[in-house]
Every structure is written in C-alpha cells, then in structure tokens.
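For reference, the structure is listed below as structure tokens.
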Amino acid sequence: MGRDKAALLWFRKGLRLHDNPALLEALDGAVRLYPVFVLDPYFLKPERVGTNRLQFLLESLQDLDSSLRARGSQLLVLRGNPVDLLPVLFKEWSITQLCFEADTEPYAKQRDAQVRALAEAAVVQVHCPVSHTLYDTGELVQRNGGKPPLTYKAFEKLIASVGLPAPPAADPPASLPPVPSQAAGGRPTHVPSLKDLGYQDEPTTVFKGGETRALARMADQLADKNWVVQFEKPKGDPAAFLKPATTVLSPYLKFGCISPRLFFAQLHAIEAEKPKHTLPPVSLRGQLMWREFFYTVGAHTPNFDRMEGNPICRQIPWDDNEEFYNAWENARTGYPWIDAIMMQLRTQGWMHHLARHSVACFLTRGNLYVSWEKGRDTFDRLLIDGDWSINNGNWMWLSASAFFSQYFRVYSPITFGKKYDPEGHYIRHFLPVLKEFPAKYIYEPWTAPLSVQKAVDCIIGTNYPRPIVEHATIHKANIARMKQAYDSGAGSPSHPSPQRANEPASAPATSAGQKRRRSS
DNA sequence: TCCGGGTTGTAAGG
DNA sequence: CCTTACAACCCGGA
C-alpha cells in the first residue's frame, strides 16, 4: 500500500507563485502541500543582512502568505537551521516529495546537498528545478567546455548557441490543497517582525518587497515601450533619486519576487513589436544577461568571493586601512558625491549602477586602495538587492581584479556626478548638512571661502569632513601601484603568467610579487 | 605579431 | 553634440 503523496515546498529565493516550477512539481498528484520558508539564523545577523533587506524579505514573505491564503493554502514561516529542521518535518508530515528551486551560491549549495542527502535517506523524492536564472548555469558551462566564459561577448556567443530561455511555467491553479491544521505542531508560523528577530533599527528604504509589488513595478516600467526599446544603461542618470533611471527590479529579482524568464519574455515581446531597439550589453535585455553572466561565472569559479584562491582574480596587495574603510562606509570621506551615494545606500539600500561604480572605484583602485572584499561586505549587508554572484562580480570588475583591466580609467569623485547633476540636488538630498552651499562649491565644499562656510552654517573640518585623500594626486599614484601589481605577477586571469623558476610556488599570499594561484 | 574592441574615464577642444 | 590625447590594460582574431 503506497503512501499518500505529500509535498513539502521549500521556499528560499523564488518568493512568488508565477513561473514557479517547484510549486507545480509539488502539486503533481499531491494530496497535502506544505509551503515552508525557514528563517535560518545563519543570515539573521545585522552584520550580515541589514535592516532594509531583511524588511524587504519579510514583506515578500507576507505577500507570499497572502497569495497562498487567497488560494486556500498558507505559508509556514519556521525558524532554525534547515538541515536540522527539514528532516523532522519529513517525518512529522509523512512527506514524500521535497521541492525547491535550485540555488547556485556556495552556502546554499552545501546546505542543499545536505538536505538532499537527508531527504533521500528518509525516502523523500527531491525535485530541484532551475528557475532563478534564465538558463541552467551548469549546462551552459558544460557546453562551453567545462569553463565559464569570462567576457560578456563570449557569454553572448554561448547563449546564442543555446537559443532563447524557456518560457515561464504555467500559473498555479486558483485553489491549492489546504495545509492540515496542527501541521506546525505548536511552532510559530507567522511572518515575524524585525524586532522579533532582534533587529532594533527601523527600516528606512522606500522600496517594498513582494511578488505583488514586483509584478506591478514591472508592468509600470514596461508600459512605456519607447523607453524600454531606447534604454541604454550608461546613459542613465545616477543622480536621479526621485524617479530612478533604471527599473529597480533588482531587489525583486534577487529574492525571486519576479521571474527572470517572465521579465525576459515581456522584453522579448516588446522588442519584437518594435524592431528598432537597443541591444545588449546596454539594453534592458542586456542587463538581464549581465545578471546571467555573473551567476554563471560565480557558480563555477572556486572562491569567487575572495581574492585568494580565486583563479580569475588578480592578486593585488591592497592596503589594510581600517580608517579609510570606515570613513568610506560611514559616508565621511569628505567628497560629497561619494558620501551622498553611501548615504543613499544606508537609507534606501539602492543606488544607480553608475553611483555604485563611483564609490567602488573610490574605495579600491581609485583612491583609498582598500580591498574590494571590504566594499563587497558593506554592499552585501546594506543593499536590498545584495546578490552574491552579481555583487562579487561587479566588485572584481570595478577594482580591475577580474573581467576589466583598464585601471587607468578612474572615476573622478568631483566631476563624474557634476556632469549629471551640476546643481547638486542629489548631494543636498542625502547630505542635508551641505544643503545651502552654492552650486559652485557643492562638489568641493572645502574650496569655499570661510565666509561662505559660515554663511551656510557648515564649517568644513567641523560640520563636514575635509577630504581624506587628495584625488588629484592619489589617483595617479594608485594607477602606478596598479601597474606595479599587474607587472609583478598579478597575472592575467585567463592566461596566468608562468611561475618564475627562482620563485617558490608557495610564496606567501601577502607577498606583493606573488603569482596568481592556479586552480590545478 | 599586430590590431580592434572592451556596458558606463577625464579633460580639453571643437 | 562630437573628437582627441592621455598612457596603456587584456583578449581574441587575423
């Protein structure tokens, strides 16, 4: 006598009902369906996940619960380490199927491997479809000869050989099997508050999570088809903050509140309708492909989130300068354009891509010469769209550690913002202390005569810091340091320089002249 | 071995 | 709006 089919649908990312193949697998013949999200203490630390992103997640869970309830089900939000909790639930609920969306990040991969093994030991069938990315990154890499492509062009070529991504999966039925009462066994199952989770700060971001808002935002952004087909990322205004120059779908894509395949399908339809459209890499569709690119490289590169032991990352002897790092993180560099961006990060958890470039270049090769890993950590904590693959990839890009090597192209912390926003509206909004400065001085307030500083009630060095470094001189010195780092064996990621005979292969990792480590 | 391209540099000059 | 010099990177293709 066979058991009733009972499915545990484990949500992690993919916090949506549309284009959710794991949900459809779970529904296939199931008499009972248990939709579960597990709040893992690994993530629930303010030093790892900031208030704004956690709030975004909680809103997304709330919305998912509402949508499930509208279909006669509900979301069981449980707490604990999934590796410990899920096997208990398999037994308690007599689970026969475990369904969850594939995840390519290292923590998730090792966690999922453990859960899968435990499920199989409990004779639970595991279904793990790919729906967070457009393609199965493993298949892409296999097709590429076992290695991820390291340039966007090469990635485009690979994609072209595969064809269009799969269309979104069918919508789930209007009615889902109810969750049996007593299922929780006395455990709390509601979506907790920030305070419940030990977070004291109030969220400050204007962006709200959830599939409902994601779909509305996408519809809103795609409604102006001319805007869609004329989109060119580098032409956007990084200083636009009332109406951002991009879609701000990134936090929804991060949590899977929106399906990349749905977004792609809609973009594709609009492009088909209007043949005169921009192209990747700058087009809107190109942006989705950048995401796919970094997911593919990130999933198939060892130590992708570190310099050491990372075969695609140049080994650069960054300065260990806590003072500089803290000033940067706390918006106290004395450069208003940089500090305003860091304030937008701290308050909204989102900045325009080019604004991210400005501060990433400033922290690393441009000005402070601090490791990209430090900046990555800050972004990872404070961004509402903080996404492991994309964040690490872009930090390596901007620090000229991988993908990009024109280190002599340095963003100016003074003129880059000025060309978009000469009046400094963005700075005035995020750094109110500088609000009254004349436009002439807003990007360089230290150049204002003391009489002006007094008149606007902001003394530089007292009410707002002096610049911690002099851009004009230090960026040139840093270009020279980068050149030296490249010359002295940082190597080229895809063609590592050969080991010199007189240099031991096991040179200490801190040596300036070290060789890039090969992954062999 | 050379040449052209590389999502998104700057400053100066038209 | 455009081009060019700056000083110069890696990579892929011819």
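Chain naming here is simple, since letters A, B, ... match the order of the sequence lines and numbering starts at 1 in each. All values derive from a computational prediction rather than experimental measurement. We use all heavy atoms of the structure for the numbers below, so side chains are in, but hydrogens, waters and symmetry mates are not.
Within the structure, the salt bridge (Lys or Arg N to Asp or Glu O under 4.0 Å) test picks out no pair touching residues 398-408 of chain A (sequence neighbours left out).
To the nearest angstrom, P of B:dT8 lies 12 Å from NZ of A:Lys233. The separation between A:Asn144 atom CG and C:dG12 atom P is 11 Å, rounded to whole Å. Rounding to whole angstrom units, CG of residue A:Leu288 and P of B:dT7 are separated by 17 Å. Atom pair A:Phe155:CZ and C:dG12:C1' shows a separation of 19 Å (rounding to whole Å applied). Rounding to whole angstrom units, OH of residue A:Tyr411 and P of B:dT8 are separated by 8 Å. A:Arg409 places its CZ atom 15 Å from the P atom of C:dA7, with the value rounded to the nearest Å. Summarising the geometry, the separation between CD on A:Glu156 and P on B:dT7 is reported as 8 Å, rounded to the nearest angstrom. A straight line from CZ of A:Arg365 to P of B:dG9 spans 9 Å, rounded to a whole angstrom.
Although no hydrogens or angles enter the test, the distance criterion places no donor-acceptor pair under 3.5 Å between the side chain of A:Arg365 and the main chain of A:Ile479. Between the A:Asn330 side chain and the A:Arg332 main chain, no donor and acceptor come within less than 3.5 Å of each other. In this structure, the side chain of A:Glu211 engages the main chain of A:Leu17 through a donor-acceptor pair within 3.5 Å. Judged by distance alone, the side chain of A:Arg217 and the main-chain N or O of A:Thr247 form a donor-acceptor pair under 3.5 Å.
Comparing the P positions of C:dT3 and B:dG5 gives an interatomic distance of 14 Å, to the nearest angstrom. For B:dT8 and C:dG12, the C1' atoms lie 22 Å apart once the distance is rounded to whole Å. Going from the C1' atom of C:dT4 to that of C:dA8 covers 16 Å, rounded to whole Å.
Nearest to the side-chain atoms of A:Ser412 among the listed nucleotides B:dT7, C:dA8, B:dT10 stands B:dT10. Comparing C:dA8, C:dC10, B:dT7 by their nearest atom to the side chain of A:Phe408 picks out C:dA8. Comparing B:dG9, C:dC9, C:dG13 against the side chain of A:Tyr407 picks out C:dC9 as the nearest. Of the listed nucleotides (C:dC10, B:dT8, C:dG13), C:dC10 has the atom at the smallest distance from the side chain of A:Tyr486. When each of C:dC10, B:dG6, B:dT8 is scored by its nearest atom to the side-chain atoms of A:Lys153, the top-ranked nucleotide is B:dG6.
The nearest pair of heavy atoms linking A:Glu423 to A:Ala439 is OE1-CB, 3.7 Å.
Classified by interplanar angle (parallel below 30°, tilted 30° to 60°, perpendicular above 60°), the ring pair A:Phe404/A:Trp397 is parallel.
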(request) Starting at the 5' end of DNA chain B, write a dot or bracket for each base, bracketing those in Watson-Crick or G-U wobble pairs whose two distances are under 3.5 Å and using | for partners on another strand. (result) ||||||..||||||
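Stacking is found between A:Trp290 and the pyrimidine-like six-membered ring of the B:dT7 base under the 5.5 Å centre-distance and 30° plane-angle cut-offs.
Base engagement by A:Val282 is indicated by at least one non-hydrogen atom pair under 4.0 Å involving a base atom. Residue contacts shown for A:Lys419 are limited to sugar-phosphate atoms, with no base heavy atom under 4.0 Å away. As judged by a 4.0 angstrom heavy-atom cut-off over every strand, A:Gln287 is placed among the base-contacting residues. Nucleic acid contact class of A:Phe416 (heavy atoms, under 4.0 Å, all strands): sugar-phosphate only. Here A:Lys157 lies in heavy-atom contact (under 4.0 Å) with sugar-phosphate atoms only.
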(request) Heavy atoms under 4.0 Å is the rule here; annotate nucleotides 1-6 of chain C 5' to 3' with B where the base is hit, S where only the sugar-phosphate is, and - elsewhere. (result) ------
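Proximity of A:Ser405 to the phosphate of C:dC11: no side-chain N or O atom is located under 4.0 Å from OP1 or OP2. Between A:Lys483 and C:dC9 there is a side-chain N or O to OP1 or OP2 distance below 4.0 Å.
A salt bridge links A:Arg481 with A:Asp319: the closest approach of a Lys/Arg side-chain nitrogen to an acidic carboxylate oxygen falls below 4.0 angstrom.
Between A:Tyr107 and A:Phe43, the gap from one ring centroid to the other is short of 6.0 Å.
Other residues, nucleotides and ligands contribute at most 12 non-hydrogen atoms within 6.0 Å of the CZ atom of A:Arg466.
When each of A:Tyr420, A:Phe416, A:Trp337 is checked for a ring-ring contact (aromatic ring centres under 6.0 Å, His included) with A:Tyr426, only A:Trp337 meets the rule.
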